[in-house]
Structure formats: structure tokens, C-alpha cells
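Here is the structure we will look at, set down as C-alpha cells.
Each ligand, and each atom within it, is numbered from 1 in the order the structure gives.
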Amino acid sequence: MDSVEQATPDIKQRVQELTQILQKASYEYYVLDAPTIEDAVYDRFYHELRDLEICYPELISPNSPTQRVGERPASQFISIKHNVPLYSLENAFGNEDLITWEQRWRKVEPDISQADYVCELKIDGSALALTYENGLLVRGATRGDGVTGEDITSNVRAIRSIPLRLNLDNPPPLVEVRGEAFLPLDTFEQINREREQSGDTLFANPRNAVAGTLRQLDARMVAQRKPDFYAYTLHFQTDKIHLASQWDALEFLQTVGFRVNPERQLCPTMQDVFAYCDRWSIGRTQLRYLTDGVVVKLNSFDLQERLGFTQKFPRWAIAFKYPAEEAPTIVEDIIFNVGRTGAITPVAKLRPVQLAGTTVSRATLHNRDRIEELKLCEGDTVIVRKAGEIIPEIVRVLPELRPEGAQSYEMLTHCPECGEAVVKPDDEAVTRCINTSCPAILRGALTHWASRDALDVNGVGEKLVLQLVDQGLVHSVGDLYELTIEQLLTLERMGTKSAEKIIQAIQDSKKQPWARVLYALGIRHVGSVNAQVLTQSFPSVDLLAQANPAEIAQVYGIGSEIAQSVHGWFQNHGNQRLIERLRSAGLQLVGEDGNTPLIATAITGKTFVVTGTLPTLKRDEAKAMIQKAGGKVTDSVSKKTNYLVVGEDAGSKLEKAQTLGVTLLSEDEFLQLLEPRS
Ligand code: IVH
């Protein structure tokens, strides 16, 4: 590591300039949806700033664009009490309920003649409370039960449309902004596709997906999944901000840097509110995110204050809810799908029914437990719902409409594809076929191998895979690389040109990087994100195959379940043979920096304080080394400090460390810790 010099004023100024440029570019891109600079230019500035910060760590400010996503996952979330509780809203299920609500508040305030309402779409996500101290984001918390939530600050910082700093010249000491975090529908679908591919259970709807995302311990995962945020209210105690109404508050939130839902409307009468709710009952199906109603708020803050709250709800707002998208239909049959991982999913074939604008003819039954729970029989009338308007599911059975003598459905005992007995581990909800030569599993593995995010082999899709397996041309992924044009020509409707293209695409896939190959192997729990994370720490297949589960679990974001799954996969002889075949075929099983493994050291994840004069290293040099190895450096010794690196003439920090029993390290001992663990 180069020696760390003092930052000159020029460097300090450049860091400030870069921070401002990047903040502005990020705001234009993520909040305004109107980028003004090219991605490549952004990247250049970003890397320049990051490089300067690596050389001069003292210049890193918490609101630097490089500091959005921390490298350290949290071990757990801490509960925090909200300063102002997050109330929920009373529901209105039709215009009559809105009229009753209006009559009710007018009884409390009989002198008001005209009152404006603000209508906002009710975004179906997770509520967040964001605390800004002197204009800087210091805390982000979930709603929890409304009184106590969880501190998820590092995850909140990873949401790009949440400003780390308010765009205010003279920021007040404390502002709390509230709003809804959500996952746009296309992102939600993408996440579920990935989960399906990595054998994980799917999220039922975007709301569950965003709640799950916000509870990820590794903020990098949050950044990958790209949740978005719409702000809808704020709390402050300061003379510096003057806002008279909800409408002004929304405008204000927008000017200080938040995304505010553009579909809001100021409604001077209750008739306008009806029209808004009516319009969006259809309009909402065209949005890129899910809504479950409209929030109607009295606009005037003065009136809001006078009306106040009941035990549970504000008197000045109500949620107009759209009816749930449910419909009755009849179960015609149950079929069992065998997935790539052998997981067997029961699917009900339904008499087609119209639901939320689409025809539904299938519904997932998830697993064996769900079939037993529903006590489903042939010909049953059931209520189907589009959960989050995406995956139709059966919510309940109407046994009173059951045909006489109807047979009950049961989970199968043998794989519908290969006839082998299926297994259901006690600790899992899924039933699986574990026959590695099951054609359904092979088909799934091949399709996954060739899919876009994996090796992206053009022309090798479900249809071709079905033929290749049926005709016995391919028995494993390795066979793909030995396929010939002549063999392909024996397949139905295959011309020479197409055959040549397919063979070329298969050959080209050998150039795909190691991270993609690892993802393509289809190891359970290894989606494309985990594959990338793993290959950064294990830049070659051999390093990964030799690692024990504990070593694998040291990688940030990789839990013990994933580690076990990866380790188990490489222990299997069939899989070991596959790797050797892929190696001889010439696939990339080594990353670009394959010889410099970034395997975690004893420093990774630990908190250090450096004090006194070290024999050879400058203090800043030692600090930079710790940071580079994935450790954290703080200035003062606390219970959270793991190590104090001590040199000569150490003062009060040494005393404090001794009182707290913090492990002391000499420079030599410290350098030993930097050695990779074997
Ligand atoms: S106002 C006291 N506005 O709906 C004010 N809530 O029960 C309460 N929500 O989970 C909230 N969009 O997070 C408000 N434009 C919006 C909203 C909204 C979604 C959620 C909120 C809470 C639930 C209210």
C-alpha cells in the first residue's frame, strides 16, 4: 500500500466538487427520471472520488455517494421507538363510507364550509420513517407496530431515490420524512424469476418482497433489488419551515429531493374525490407499481390539527380501498410441475375466470401442506385471488358446493416425470424428486444453463431442450459442448443454418465469465447476485470447491444455508465430473484476478482502533490496510472495538481498551492477522 499523505486543499476541493456532481446526477437519474450525464461519465467521476477516498480516508463523508451501500452486513436489527407514532388509516369501502367520514369530521368542525381534499394513491409497499439531523439522513426505520420499528438505516441508504442530504440551505436540526418503499412490478417479477432459478420460494406479492428486502442484513442486496420510495408526509419542530397544507408539504418534499407520487390531486369537493377514486380503480392496473386504494386527506394543516386523532386513526384522513380481486371458479384438475431443482409444485387447473383484467386458468397450490390445509377435492368450487395481482392462488374452498362423493386430492408419492419415489425433508415445505437423471430436472438444468442471465446461449430454449432430452442427445450440461450439427439436423424442423447458429452460440458461451458459469450450474440458493459475490471471494472453481462451509459463509451476504448448499454441491461426485468436463470443454472457471483470492482474513468484519506510534507503519497506512481487508476503523475505543493496534506513547485509548478488555495488538501481530486464513 502506498504511504498515505495529507490531503492538499486542492484534493479536498476536488472531493467536494465530485460529491456535488455525483449527488446532482444521482438526483436527476433516480428522483427526476431525467439523467443529464452519460452513465460512463458518472462512472468516471464515481471512480475518481472513490480512489481519492481510498487514499485519503479522512475525507470520506457519510453522505458521500460512495457511502450509500456499506460493505458490512448487519448481524441483526435494533428496535427503536418512533418519536411520533405511525398511525394507520380507517378504511372506506365505497362512496357511502366517504360521505359518512365527511359528515363525521364536519360534526367536529361545524363552521367549516369549503375544505379541499388531497387524494394520493395508496402505494402497496412498506412504510418508512426517515430522520434527518441538520439535513443529513441519520436513521431509517420500519413502521413495525406503529410505536416501535426496526432501525434499518444501512438498508435505507441503499435506496437511491432517498436523499442522503436534504436539498435545503439552512436545514433545521430535525426533520422526519415518511413514505412508502416499494418494488416496481418489473423488478418484483425479475426477483421472483431469479428466486425460481435458484430454487428459493417465491415472494407472493411486491409488498412481501419489499418487506423482505428491507430486512436483508446485507445492504448490498437491497441495492441490487432496487426498491423505490415515495415520500408522503413530514414532521418537524422548527420555525425554519412554514407549510400550511398537505399539498404544500408534498411540493416541499419534492423540492428537498424526494420522489413524490405524481398522480396526487387537489380536490375541492367530495364529488372530485369520488371521481378520482373512480378513475384510478381502472387506471391503477396500468401503473408500474401496485396500489391498494386511495388515501384521502384534508388539505389544511390547521384543520388537521384541530381534528386530531382517535385512539387509532387520524380524523382528517381515510383510505378508500378497492375491492379485493377475488372470484369463484371450479377446480378441474391438479397437475404437478417438476422444477429444475426437483421441487414439485402442485398447480390447480381451473375453469377459466376473469380476474383483474386477465383470464385465470391456473393457480399455484404451493406445496403439500397447502393441499392438506385446503382439503381440496375434485370439482370443488374455490375462491381464487390474484395475490398482489400477480400469482393467482386459491384462498379458500366452499365445501358446501362440493359434488357428492368427490375424491380428495393428495400429494403424489412418485415423480410424474421419471416415476421415482419423491421425498419431503421434515424441515422443508417442498416435496422433491431427487433422481439426478430425471428428465424434468435435466430439462430445467439445461434451460437454466442457456438462459439470458446464465450463459445466454441463443437458440437453446425450452423447445429445443425438450427435443434434445427426448431424443437422448443430451444427458448432462457437459453434452451440450459435444453436440454436432449433424445431430441437431436429426431434430424436427431444424435447418442447417439454425443448427450452425446454435452450435456457434454454444461455442461462444465458453467465453462467459466465471460468475455466470457458477450461476448457470444451478446450485440451490446461488442466484446471479450470490454467484457474483462468491466469485469475488473465490476467483476460481478450485478455490470454491476446496473451501469448507465456514470459509464460504465468511463471504458477506452468504449465510450458512447457502454455504452448506455450495459445499454440498461440490462434494457430489457427479458434479465433480461435470466440472472436469466443463474444464476440458474450455469454459471459464477462473475469474480475471484468479490468482489473487480476496479470501476473508481475521480482519474482515472486525472493528479496530489504531493508537500510538507504530514501529514501521504510519497510522493512516494501518487504517487503510484494515479498511481494504474489510475491517472497520473507528476513532474511539468502545465495547464494540475488537482490536486496539498499539504503538509507542499510547495514551488514554490504551487505558480504556484495558478497562474494557479489548484485545491489544502490536504492529507485528496486526500484520499477521492480515494473512489470508488457510
Ligand atoms: S398517510 C396518518 N399516504 O398506507 C397518516 N399512507 O394505513 C397515515 N400508505 O402503511 C399515512 N401510501 O404507509 C399515507 N400516500 C399515502 C400512502 C400511505 C401508502 C400506507 C402507509 C400505511 C398505510 C396506512
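Gln190 and Arg193 form a side-chain donor-acceptor contact under 3.5 Å, judged by distance and modelled atom types alone. A donor atom on one side chain and an acceptor atom on the other are not found under 3.5 Å apart for Glu150 and Ser79.
Both the backbone and the side chain of Ser88 come within 4.0 Å of ligand 1, judged by heavy-atom distances. Under 4.0 angstrom from ligand 1, the non-hydrogen atoms of Lys297 all belong to its side chain. By the criterion of a heavy-atom distance under 4.0 Å, the side chain of Glu120, and not its backbone, is placed next to ligand 1. With a 4.0 Å heavy-atom cut-off, ligand 1 is reached by the side chain of Val295 but not by its N, CA, C or O.
By the salt bridge (Lys or Arg N to Asp or Glu O under 4.0 Å) test, Glu561 is found to be paired with no residue, residues two or more places apart in sequence or in another chain being considered.
Among Glu180, Gln304, Arg207, the residue whose heavy atom lies closest to atom 13 (O) of ligand 1 is Glu180.
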Listed pairs under 3.5 Å, donor-acceptor, residues 110-117 side chains, sequence neighbours left out:
| residue | atom | partner | partner atom | Å |
| --- | --- | --- | --- | --- |
| Gln114 | NE2 | Asp116 | OD1 | 2.7 |
| Gln114 | NE2 | Pro268 | O | 2.9 |
| Tyr117 | OH | Glu102 | OE2 | 2.9 |
| Tyr117 | OH | Trp105 | NE1 | 3.2 |

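Under a 4.0 Å heavy-atom criterion, Ala319 is not in contact with ligand 1. Residue Leu121 places a heavy atom less than 4.0 Å from ligand 1.
Annotation: cation-pi geometry satisfied between Arg195 and Phe203 (NZ/CZ under 6.0 angstrom from ring centroid, within 45° of ring axis).
Taking distance alone, with nitrogen or oxygen atoms compared against 3.5 Å, Ala127 stays at or beyond that limit from ligand 1.
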